Q: 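Here you go, one structure.
This one's a predicted model, so the numbers in the text were calculated from it and none came from an experiment.
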Amino acid sequence: MTRRRTPRNSVIRLTTGHAARTLNHPFARREPVLALDFGATSVLVTTSGPVTADDLEFARQLAREAYRFARSLERSFYGLPDGKGVAA
């Protein structure tokens with residue numbers, strides 16, 4: 001992942017829960033859309049036109065980081081001392 005060149009000017013925190021879900025919307029005649037739904041708030045990820053190599057690289061980065069996020073959550077869940085987790 002490349003280093004950020006511009007500073008962040010805001011951060012939005014979206015937390016998961018029973019209303020959180022992700023959906024991929026592939027379309028035959030236009031660019032796909034990835035929807036991240038958090039109850040009443042949705043984040044739509046798509047391209048600004050025909051798919052480019054940069055779009056594909058971003059999608060691959062997103063997939064890698066989502067996988068790493070899931071693995072971190074698994075480690076946290078399975079390591080809970082209260083017994084709610086399942087032994088790995």
Q: Would you check if Leu34 and Leu62 make a side-chain contact, meaning some heavy-atom pair closer than 4.5 Å?
A: yes
Q: With salt bridge (Lys or Arg N to Asp or Glu O under 4.0 Å) as the criterion, how do Glu57 and Arg64 come out once you've worked through the C-alpha distance, each side chain's angles and the decisive distance to 0.1 Å?
A: CA-CA 11 Å; Glu57 178 55 29; Arg64 276 193 307 270; 3.4 Å; yes
Q: List the atom of Pro26, the atom of Pro32, and the distance in Å for their closest heavy-atom pair.
A: CA-CB, 4.2 Å
Q: Could you pull out all residues at least two apart from Arg21 that satisfy salt bridge (charged side-chain N to carboxylate O under 4.0 Å, His left out)?
A: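 Asp37.
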Q: Atom OG1 in Thr15, atom CZ in Phe38: separation rounded to 0.5 Å?
A: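 These two atoms lie 8.0 Å from each other.
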Q: Do you know which two heavy atoms are closest between Phe27 and Val33, and how far apart they sit?
A: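 Heavy atoms of Phe27 and Val33 come nearest at CE1-CG2, 3.9 Å.
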Q: Let's go through Leu36 and Leu14 carefully: what are the C-alpha distance in whole Å and the side-chain angles of both, what is the deciding distance for side-chain contact (heavy atoms from CB on, under 4.5 Å) to 0.1 Å, and is it a yes or a no?
A: CA-CA 10 Å; Leu36 309 174; Leu14 301 168; over 6 Å; no
Q: Between Thr52 and Thr47, is any pair of side-chain heavy atoms under 4.5 Å apart?
A: no
Q: Working to the nearest 0.5 Å, report the span between CD of Glu31 and CG of Asp55.
A: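 Atom-to-atom, Glu31:CD and Asp55:CG are 8.5 Å apart.
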Q: Roughly how far apart are Ile12 CD1 and Thr41 OG1, rounded to 0.5 Å?
A: 9.0 Å
